[in-house]
Participant: 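Sharing a structure here in structure tokens format.
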Amino acid sequence: MLTNAAWQKSVNSLPFRKIPQTFYQQAVLNVELKLLGKFLVKREEETCLVGKIVEVEAYDARFDEASHSFKGKTARNKVMFQEGGYLYVYFIYGNHFCCNVVCDKKEVGAAVLIRGIEPVSGIDVMSKRRFGKKEISAKELVNLTNGPGKICKAFGIRREENGTPLFGDTLFLAEGEKIKTTSIGITSRIGIKKAKELPWRFFIKENTFVSAL
DNA sequence: ATCAAGATTACCT
DNA sequence: GGTAATCTTGATA
């Protein structure tokens with residue numbers, strides 16, 4: 001186990017520029033658009049897991065019946081009502097965790113679901129968690145993090161990570177690739193029954209780690 | 001106390 | 001393309 005000072009030093013020496021909390025405190029659709037191409041970074045004891053965000057969906061308490069926050073604050077969704085910059089993690093279908101980036105001001109109740117990630121570093125750790133082995137086939141690789149539940153499994157994001165500040169040192173977002181407007185696809189969101197008409201799913205076109213067309 | 005729904009995934013034909 | 005698995009949550013009584 002690293003000492004606190006050594007930990008701090010190793011975090012600061014990473015080749016990633018951490019996104020400040022103020023970034024998250026703007027309108028959810030603005031944040032959502034800029035999330036594409038950024039890196040999700042998770043520091044663990046032995047490794048550093050990194051992945052590029054390639055698919056996202058916005059949810060908003062104010063005009064969006066599909067959002068967990070639509071009917072107001074509850075024990076489950078209260079993190080969504082904090083000011084932007086925290087991770088909202090929920091458990092679904094008795095099996096899976098999904099993670100969201102909380103946006104906008106306090107009490108707004110808006111967040112962006114991370115649906116697709118292109119693995120960059122720590123792939124053997126992700127593989128072990130998803131498939132129980134470090135070596136995986138090409139077919140397994142494309143299935144590693146191309147869905148919200150798969151991402152949380154691979155990155156080890158569970159109940160304990162709910163409410164984690166994204167401006168801390170263990171789990172954060174970092175500057176990534178600039179994505180051209182022309183290579184961004186926009187559709188309605190996946191897997192919901194209400195508010196299907198809202199075109200709030202953004203993804204990087206042609207990227208293999210997008211969960212669906 | 002009971003119950004139905006759910007921001008998914010894996011596996012089947 | 002279809003569906004079973006699995007259990008937490010929030011609503012209702």
Side-chain angles (χ1 to χ4, degrees), chain A residues 24 27-29 31-33 35-36 40 51 53-82 84 86-104 108-119 126-133 136-164 166 171 173 185-204 207-213:
Chain A
Y24 304 100
V28 62
L29 293 179
V31 178
E32 183 192 15
L33 190 61
L35 282 181
L36 291 175
L40 173 66
I53 297 172
V54 302
E55 180 188 357
V56 286
E57 282 177 2
Y59 289 87
D60 191 314
R62 294 168 294 183
F63 352 87
D64 174 14
E65 277 201 279
S67 177
H68 290 170
S69 55
F70 184 67
K71 292 177 179 170
K73 205 188 291 186
T74 65
R76 175 215 214 184
N77 68 21
K78 64 180 188 225
V79 172
M80 271 189 88
F81 288 88
Q82 295 185 159
Y86 294 88
L87 195 72
Y88 166 49
V89 181
Y90 64 86
F91 184 64
I92 192 71
Y93 292 116
N95 263 317
H96 315 286
F97 291 99
C98 298
C99 69
N100 302 251
V101 172
V102 175
C103 298
D104 214 311
V108 168
V112 178
L113 172 69
I114 302 181
R115 286 196 59 93
I117 274 190
E118 179 179 322
M126 299 184 200
S127 303
K128 186 88 169 108
R129 287 181 183 153
R130 286 270 296 123
F131 303 110
K133 57 187 181 183
I136 56 174
S137 66
K139 191 173 180 178
E140 286 166 325
L141 177 62
V142 299
N143 268 297
L144 193 58
T145 50
N146 64 337
K150 300 174 187 177
I151 290 167
C152 287
K153 189 85 186 283
F155 276 78
I157 294 173
R158 295 147 306 157
R159 234 178 278 287
E160 301 90 285
E161 278 72 26
N162 187 36
T164 303
L166 291 171
L171 187 50
L173 299 191
I186 301 179
T187 69
S188 54
R189 297 169 296 177
I190 293 178
I192 53 169
K193 296 218 172 109
K194 302 168 200 160
K196 279 186 173 161
E197 71 285 357
L198 296 175
W200 286 1
R201 171 173 174 259
F202 301 167
F203 60 95
I204 300 177
N207 189 290
T208 336
F209 296 92
V210 167
S211 68
L213 293 177

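Throughout, protein chains are lettered first and strands after them, A, B, ... in sequence-line order, and every chain is numbered starting at 1.
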Participant: For dG6(B), take OP1 and OP2 only and decide whether either is under 4.0 Å from a side-chain N or O of Lys193(A).
Facilitator: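 Yes, Lys193(A) has a side-chain N/O under 4.0 Å of OP1/OP2 on dG6(B).
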Participant: Under the side-chain contact (heavy atoms from CB on, under 4.5 Å) rule, what do Leu87(A) and Ile157(A) come out as? Steps first, then yes or no, please.
Facilitator: CA-CA 10 Å; Leu87(A) 195 72; Ile157(A) 294 173; 4.1 Å; yes
Participant: Partners of Lys193(A) by salt bridge (Lys or Arg N to Asp or Glu O under 4.0 Å), sequence neighbours excluded?
Facilitator: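 Here no residue qualifies.
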Participant: To the nearest Å, how far apart are Lys196(A) NZ and dG6(B) P?
Facilitator: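 Result: 10 Å.
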Participant: Assess the side chains of Lys150(A) and Asn146(A): does a donor N or O sit below 3.5 Å from an acceptor N or O?
Facilitator: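 Result is yes, a qualifying pair exists.
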Participant: Taking atom C1' of dA7(B) as reference, at what distance in whole Å does atom CG of Asp60(A) sit?
Facilitator: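 My rounded result for the distance is 14 Å.
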Participant: Determine which bases of DNA chain C form Watson-Crick or G-U wobble pairs with both distances under 3.5 Å, and write the result as a 5' to 3' dot-bracket string with | for other-strand partners.
Facilitator: |||||.||||||.
Participant: Anything under 3.5 Å between a protein N or O and an N or O of nucleotides 8-12 of chain C, put it in a table, one pair a line.
Facilitator:
| from | atom 1 | to | atom 2 | distance (Å) |
| --- | --- | --- | --- | --- |
| dG10(C) | OP1 | Thr74(A) | OG1 | 2.3 |
| dG10(C) | OP1 | Arg76(A) | N | 3.3 |

Participant: Which pairs with one or both residues in residues 64-76 of chain A pass salt bridge (charged side-chain N to carboxylate O under 4.0 Å, His left out), sequence neighbours excluded?
Facilitator: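 Output for this query lists Asp64(A)-Arg189(A), Lys73(A)-Glu107(A).
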Participant: Do you know which of Asp104(A), Val112(A), Leu166(A) makes side-chain contact (heavy atoms from CB on, under 4.5 Å) with Tyr24(A)?
Facilitator: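 The single option meeting the side-chain contact (heavy atoms from CB on, under 4.5 Å) with Tyr24(A) is Leu166(A).
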Participant: Is it true that Arg130(A) and Glu140(A) have a side-chain N and a carboxylate O under 4.0 angstrom from each other?
Facilitator: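 Salt bridge absent between Arg130(A) and Glu140(A).
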Participant: Run the side-chain contact (heavy atoms from CB on, under 4.5 Å) test on Asn100(A) and Ile114(A) for me, step by step, so that the C-alpha distance in whole Å, both residues' side-chain angles and the decisive distance to 0.1 Å come before the verdict.
Facilitator: CA-CA 6 Å; Asn100(A) 302 251; Ile114(A) 302 181; over 6 Å; no
Participant: Check salt bridge (Lys or Arg N to Asp or Glu O under 4.0 Å) between Glu160(A) and all other residues, then give those that pass, not counting sequence neighbours.
Facilitator: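 Only Arg158(A) meet the salt bridge (Lys or Arg N to Asp or Glu O under 4.0 Å) criterion with Glu160(A).
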Participant: Parallel, tilted or perpendicular for Phe97(A) and Phe91(A), by the 30°/60° rule?
Facilitator: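 Ring orientation, 0 to 90° scale: tilted.
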Participant: Using a 4.0 Å cut-off on protein heavy atoms (strictly under), produce a 5'-to-3' string for nucleotides 8-13 of chain B with B for base contact, S for backbone-only sugar-phosphate contact, and - for none.
Facilitator: BSS---
Participant: Answer yes or no: is there a side-chain heavy-atom contact under 4.5 Å between Glu55(A) and Leu35(A)?
Facilitator: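 Not touching, per the 4.5 Å side-chain cut-off.
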